[in-house]
Structure formats: C-alpha cells, structure tokens
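All figures in this text were calculated on a predicted structure; none of them were measured in a lab.
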Amino acid sequence: MKNQLVAKILYEIADLLEIKEVEFKPRAYKRAAMAVEALGDDIEDYAKYKNLDDIPGVGESIAKKIKEIIDTGKCLEHERLKKEIPIDFEALLSVEGLGPKTVKLLYKKLLIRNLSDLEKAASAGKIAELEGFGEKSQQDILDGITLAKSKGERMLLDEATAFADDITGKLKELSHITQIEAVGSLRRMKETVGDIDIIAVTRNAKAVAEAARQLDNVQKVYSAGPTKIMLKLRDGPDVDIRIFGEKSYGAALLYFTGSKQHNISLREIAIRKKWKLNEYGIFSGKKQIAGKSEQEVYRKLGLDYMAPELREDRGEIEAARTGNLPRLVEQDEIKGDLHVHTTASDGVSSLQEMVDAAKQLGYAYIGISDHYGSLAIANSMDSKRLAIQHEAIDKINRQSTGIHIFKGAEVNINKNGTLDIEPEVLKKLDYAIISIHSSFRLSQAEQTKRVIRALNHDKARILGHLSARLLFKREPVELDYEAVFKAAKAGNVALEINSFPNRLDLNDSHAKAAKGHGCSFAIDTDSHNAEHLRLMRFGVGTARRGWIETSSVINTWPLKKVADFLG
DNA sequence: GCCGTTTTCGGCCCGACTGTTTTCAGTCG
C-alpha cells in the first residue's frame, strides 16, 4: 500500500512549488494528493487495473509521477525541487501559523531549514527583528513548536464522538443556543477524526464565544472572534466552533461538514449558474436565495440530497445530479445483531444481559457468536460448553419473549483455510462467522487462497472483520479483495461490516467495491459487553460511506428471511 | 497541472481571524 507515500510526495511538491510562487500548480498537486489519500483502493492495484488519470484531479503529468513513485519509491521532479530548496517542510509547516510564505521568508532571511533552526532563531529573538514580525509572532512560533511536538494523533470515532457530545452538551446549557451540531469528518463518519468541528445557531454570538473560551479543559485558544473560536483541549483534540444565524444554518452545515473537495465542487456548480456559494448561503448578487437547510441548497443547485457519509467527491455529485444516489441503509432499519460475545467466551455480559439489551434496542433477533475452537484466543468454547449455551438459548427461545436468538459461533480460519471446529459441532450451529485471528502476515496469494477456501463451508454464513486490521495498531492483511468478494458472492456468504471503532472492517471503500460485486452484508458490533451493542451506529456509518443500500444488509431483513439466509 | 451542461483555452472556492499594520498579507479550514 503506497497511497500514503504517493500522497506525501505530491503534497511536498505542492509546498515546494508554492514556495517558488508557481501559480495554480500547487493546488493541482494538492488536489491530486487528497484524491489519492481518499482513494481507499490500493494505488498499486489501481495502477494495474485502471487508469490513474481516472482519479479526479489526476491528469497525464501527475499520473506519470505517481507511476514513477510506485515503481521507484520516489519522483525525480520532487528530488530536484528538494535539492533546490533544502527545507524540512513537513516539520516547519506543522507549526501552527507557519505557511509556505513565512517558511520561505525565514529561509531567505535567516537560513532556517528545520525545527531546530527555527527554535534557535526564535529563542535568540532574531525573528522579532524581521520586518512584518514582532514579539507576539515570535512567541507564537515558540508555542507552536511545543504544540507541534506534542501534536495529538487522530482519534477513533467513538472517542471523537465523546469529546463532541461533551462540548455540545456544555455549550447547550447556554440558553442562547437554539441549534448545535458536530460537523466535519465526524459527521461524515470518517473512520478516524483529527479535530472536532462544531457549529451553533444563536442570537447571542458573543456569549457563546465567551462560554467556549471558558470551557474547563481548554489548553490553548488559537483565535477567538465574534463568530469563530479555535482552541485546543488539554489531552484532547483541536476544536473549531463557528456561530451562525438561523437563515444560514443549512449552508453552514454543508460547508463545515465537507469534505473540502465536495464543497469545492458545489461551489463550482454555483459559479456556473452565476451564483456564489459560501457558508452563509447561495447568493445571486447580494441576495441570499438559499441557505436555511442543506436540502434547500442542494435543490437550488439541481442536486438530490446527499447524506454526509457520501460527501467525499467520489461520484456522489454526479449521482445526485442524475437521480442515481443509493438508497442508503439507516440505523433504525437494523433488526438484529449477529456478532455478539458473552461470558461463555471472552465477553463480560451474560447471555441474558445481551438478550435484554438487544430487546431494549427493539431488535427482532440476536445472534450469539462466542469464540469456538482450539486456538487459545479469547477463552474459546469447546463442544461441552457450546452444548450448555445451546440449552440456555433454547430455554429463552421457548419463552417467546419477542426476540429470537440464533445459535452462532465465531470460528477461526486456520492457516490452511480449514475451520478451527469439528465438523459435527459445526452442524449444530445455525451459522458460523468465520474470521482471521492468526497468521496475519501471509503473502497476498496465500492469504487469498486461505480465505476463499474457508468460504466453502456450508455453515460459514458471515465473513468476519475481513482485513483483520486494528486502527493505529495492526495493518490489514494482504489480500486480493476483489477475488474474495467474487467468491463471497458466489458462495452467498455475507461480508461483515464490523462496527467496533478500532476495526470498522470492511472499511468504506472495500464495502463499496464489494457492493460492485453484488455482495450482501452483515453490520455487526462484535460486542463483548451489553453497552457495545450501541456501537452499531459506527458500522452503519461505515456502510453508508460505502454506498451500501438497505436491501443488501441481511440484518435489516425480517426474522424469517434472515433465518432462511443463515440456513 | 487539471478540467469542461459556457469552454480543448482560460480559468482556477471563499471567508474569519491575527499581527503588524493604518489597509492588508498570510494562514487556516
């Protein structure tokens, strides 16, 4: 997977060109870099099977450079520029407040090439002496260096959600706020979130701005005007808060939800219609002609409403223009959860607790899928313990409590593609979720063969967390995903979209690719605790980012139909 | 360097905030 490398080099070329004050090209390189970052597909596979210049923002010239990076790991043009301007951009630009222009000026005047040069010059008071700088900007640079060094990682979705809920909750206590919502990548349900964006509607912007500054865990206020506050939380993310009037709320939601590229495309449509689109609305001359709601803005632009999860400039605008948007799966259409652990293996809630929690969510069914097998992972069950569990399940099912319990198990796929379960025990299950829990580092060919072989078992009905990645922790396995999707379709096995925030596996782009093969999906939580059942929203969000429609999600189906599917 | 429901040439998103300034350039999202 060289996507990150390609994106990084393209970004650096953009920065270098910007320093050289080349016009327009920096934007082109940045746009291409962003597109590669958002691609999802492995860029090497993409280069093999498709045309690189099909990627929006990539034309003939950049395609060539991408090819060069894939083949050689670098790009001559990039090397040449670096030699010409020997500056450590990544480090310097990571300092809040420093942009290409300032970096260039500091290099020209003080020969600053890296963070340590910068720190020395600022400490020695050299920067304040430069024209256009002062004591304040010099101190800001020193502060920025400290912050850059301690720069927080991106967060998992549930963590970001918790921060956002906390802040919106506190601000809402102010009576002046009529609406408040977390937007940005969090609202788009991107798998990781960098900072928290919040917009609020109020008639008393000043009071809200003041309240934001006074939040108890603020480490630093970057800037605070009457309608925009940017701050950093202690041991937490950066938070941007913007304040709007009611008649701009929709345009503001749209703008700050992004993605950036989606917005730019919308603005270009507005320009073509001789209008202007900004965060306050669509304007014809000085007159606002839309902006109160997102729906209104899209409608005015001649587009169907696009859910936030779709707004990545991955073809949704064209689909919205031509009435071809997918009918996305909704959270309240989920009728059950088919990947749930209990105290019988490594869960911490009992069978009864899980069933009760599922009932509270209004589910019609739940699939209990404790670990089974010889592998010493996760307190796996043996046949005896499974039999005991089945008795308990039968008993609850007989009580006809309004929810049906399926007898499942999560079964490890052995290295050779066989299943880690005795055939006679497998027969006793309603279904098996088959997943990889070991041998993560096989070659792509071996791993693919392993998974496809495992798909052939009758009781294998769901393929669990396929890539086996753990965000921030473990890379996905090497796999020919297209081949696996084909095999899953042929064997009528559902692909899991695991909702656990550090998994989200399939990820959005794999889900979209699988959809292209006509696969069906199971959005599951992999709960190990009754509380975890609520993580379903993150799986649904990921599915929606993958353009997944309700009809292909087996756990939106009624009991009878899903029972037939599981067999 | 990229792109096209005006265009294969001639455009390229838009506004808030800050510091160091007396009107704005740079940065950020």
Side-chain angles (χ1 to χ4, degrees), chain A residues 10 13-15 17-19 21-35 52-66 77 92-106 127-141 143-144 183-185 194-199 205 209 221-231 238-244 248 251-252 254-283 301-303 313 317-318 321-322:
Chain A
L10 294 178
I13 294 177
D15 290 333
L17 291 172
E18 195 150 349
I19 291 226
E21 290 176 40
V22 176
E23 280 194 297
F24 305 114
K25 286 190 191 185
R27 214 196 102 178
Y29 276 97
K30 258 183 208 147
R31 183 162 183 232
M34 271 193 284
L52 285 170
D53 58 12
D54 289 345
I55 301 172
V58 175
E60 197 186 332
S61 166
I62 293 184
K64 250 193 204 156
K65 294 190 175 73
I66 294 177
E77 173 75 2
L92 291 175
L93 293 179
S94 73
V95 176
E96 177 78 19
L98 287 196
K101 293 269 167 35
T102 313
V103 167
K104 181 186 179 187
L105 195 136
L106 291 174
I127 290 176
E129 292 166 9
L130 293 177
E131 200 184 324
F133 291 77
E135 285 297 331
K136 181 74 170 72
S137 41
Q138 180 167 275
Q139 189 56 46
D140 282 350
I141 285 174
D143 292 349
V183 286
S185 52
D195 60 5
I196 308 273
D197 300 299
I198 290 171
I199 65 173
V221 178
Y222 295 117
S223 70
T227 65
K228 174 173 153 181
I229 305 103
M230 298 167 68
L231 47 84
D238 288 352
V239 180
D240 299 344
I241 301 167
R242 291 287 305 258
I243 295 158
F244 288 89
S248 294
L254 202 56
Y255 182 68
F256 289 100
T257 297
S259 66
K260 187 173 181 174
Q261 206 49 54
H262 179 89
N263 285 338
I264 290 175
S265 295
L266 293 185
R267 286 177 177 207
E268 284 167 355
I269 292 172
I271 289 169
R272 260 180 251 132
K273 294 181 185 287
K274 308 277 187 222
W275 298 329
K276 181 177 71 171
L277 170 62
N278 59 25
E279 59 264 54
Y280 300 102
I282 301 179
F283 293 85
L301 294 176
L303 302 169
D313 201 28
I317 292 176
E318 177 63 13
R321 199 172 59 77
T322 54

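The distance from atom CD of Q261(A) to atom P of dC2(B) is 14 Å, rounded to the nearest whole Å. Look at CD on E96(A): it is 10 Å from C1' on dG29(B), rounded to the nearest Å. Atom NZ in K273(A) sits about 11 Å away from atom P in dT5(B), given to the nearest Å. To the nearest angstrom, P of dG15(B) lies 12 Å from CZ of F244(A). Regarding I241(A), its CD1 atom lies at a distance of 16 Å from the C1' atom of dC28(B), rounded to whole Å.
Contacts of K276(A) with the nucleic acid, taken as non-hydrogen atoms under 4.0 Å apart, involve only primed sugar atoms and P, OP1 or OP2. Within 4.0 Å of L266(A), counting heavy atoms only, lies no atom of the nucleic acid at all. P56(A) comes within 4.0 angstrom of sugar-phosphate atoms only, judged by non-hydrogen atoms across all strands, and of no base. Residue-level contact check: N263(A) touches neither bases nor backbone, having no heavy atom under 4.0 Å from any strand.
Taking the nucleotide of DNA chain B with the nearest heavy atom to each of K101(A) and R267(A), the more 5' of the two is matched to R267(A). Nearest-nucleotide mapping onto DNA chain B: of I264(A) and D195(A), the residue sitting toward the 5' end is I264(A).
Looking at T102(A), its side chain never comes within 3.5 Å of a backbone N or O of L98(A) through a donor-acceptor pair.
Comparing dT8(B) with dC3(B), their P atoms are spaced 16 Å from each other, to the whole Å. dT20(B) and dC14(B) have their P atoms separated by 30 Å, with the value rounded to a whole Å. Rounded to whole Å, the separation between the C1' atoms of dC12(B) and dC17(B) comes to 25 Å. Comparing dT6(B) with dC2(B), their P atoms sit 23 Å apart, to the nearest whole Å. Using C1' as the reference atom, dG26(B) and dT21(B) are 13 Å apart when rounded to the nearest Å. Remark: the separation of the C1' atoms in dC9(B) and dG15(B) is 29 Å, to the nearest Å.
Residues forming a side chain to side chain donor-acceptor pair (under 3.5 Å) with T257(A) (at least two apart in sequence, or on another chain): R187(A). Take P100(A) and apply the side chain to side chain contact (heavy atoms under 4.5 Å, CB included) test, not counting sequence neighbours, and it matches E18(A), I19(A), L93(A). Considering only residues two or more places apart in sequence or on other chains, D143(A) meets the salt bridge (charged side-chain N to carboxylate O under 4.0 Å, His left out) condition with K220(A). E21(A) meets the side chain to side chain donor-acceptor pair (under 3.5 Å) test with K104(A); sequence neighbours excluded. For E77(A), the side chain to side chain donor-acceptor pair (under 3.5 Å) partners are R80(A), not counting sequence neighbours. The ring-ring contact (aromatic ring centres under 6.0 Å, His included) check on Y280(A) picks up F244(A), with sequence neighbours excluded.
Distance from the side chain of D240(A) is smallest for dG29(B) among the nucleotides dT27(B), dG29(B), dC2(B). Listed nucleotides: dC14(B), dG29(B), dT6(B). Nearest to the side chain of N278(A): dC14(B). Distances were taken from every side-chain heavy atom of A28(A) (C-beta onward) to each of dT27(B), dG1(B), dG29(B); the shortest belongs to dG1(B). If you check dC2(B), dT6(B), dG29(B) against the side chain of R272(A), the one that comes closest is dT6(B). In the set dC28(B), dG1(B), dT5(B), the nucleotide with an atom closest to the side chain of K25(A) is dG1(B).
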Side chain to side chain contact (heavy atoms under 4.5 Å, CB included) between D140(A) and V95(A): does it pass, once the steps are laid out? CA-CA 9 Å; D140(A) 282 350; V95(A) 176; over 6 Å; no
Sub-3.5 Å pairs of nitrogen or oxygen atoms, protein against nucleotides 17-21 of chain B:
unit_1: dC17(B); atom_1: OP1; unit_2: P226(A); atom_2: N; d: 3.3
unit_1: dC17(B); atom_1: OP1; unit_2: T227(A); atom_2: N; d: 2.9
unit_1: dC17(B); atom_1: OP1; unit_2: T227(A); atom_2: OG1; d: 3.3
unit_1: dC17(B); atom_1: OP1; unit_2: K228(A); atom_2: N; d: 2.9
unit_1: dT18(B); atom_1: OP1; unit_2: A224(A); atom_2: N; d: 2.8
unit_1: dT18(B); atom_1: OP1; unit_2: A224(A); atom_2: O; d: 3.4
unit_1: dG19(B); atom_1: OP1; unit_2: K136(A); atom_2: NZ; d: 2.8
unit_1: dT20(B); atom_1: OP1; unit_2: G134(A); atom_2: N; d: 2.5
unit_1: dT20(B); atom_1: OP1; unit_2: G134(A); atom_2: O; d: 3.3
unit_1: dT20(B); atom_1: OP1; unit_2: S137(A); atom_2: N; d: 3.3
unit_1: dT20(B); atom_1: OP1; unit_2: S137(A); atom_2: OG; d: 2.7

Can you name the atoms? Protein N/O to nucleotides 9-12 of chain B N/O, anything below 3.5 Å, with the distance.
unit_1: dC12(B); atom_1: O3'; unit_2: R27(A); atom_2: NH1; d: 2.5

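For a distance-only test at 3.5 Å, the side chain of R321(A) qualifies as a donor-acceptor partner of the base of dT5(B).
With rounding to the nearest 0.5 Å, the separation of CE in M34(A) from CG in L10(A) is 11.5 Å. Rounded to the nearest 0.5 angstrom, R272(A) CZ and L301(A) CG are separated by 10.5 Å.
OP1 or OP2 of dA16(B) lies within a sub-4.0 Å distance of a side-chain N or O belonging to Y280(A).
With a cut-off of 3.5 Å on both Watson-Crick or G-U wobble distances, the partner of dT8(B) is given as none.
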Side-chain donor-acceptor pairs of residues 258-267 of chain A under 3.5 Å, sequence neighbours excluded:
unit_1: S259(A); atom_1: OG; unit_2: H262(A); atom_2: N; d: 3.3
unit_1: S259(A); atom_1: OG; unit_2: R311(A); atom_2: O; d: 3.1
unit_1: H262(A); atom_1: ND1; unit_2: E316(A); atom_2: OE2; d: 2.8
unit_1: H262(A); atom_1: NE2; unit_2: Y298(A); atom_2: OH; d: 3.0
unit_1: N263(A); atom_1: ND2; unit_2: Y255(A); atom_2: O; d: 2.8
unit_1: S265(A); atom_1: OG; unit_2: Q261(A); atom_2: O; d: 3.1
unit_1: R267(A); atom_1: NE; unit_2: L277(A); atom_2: O; d: 3.3

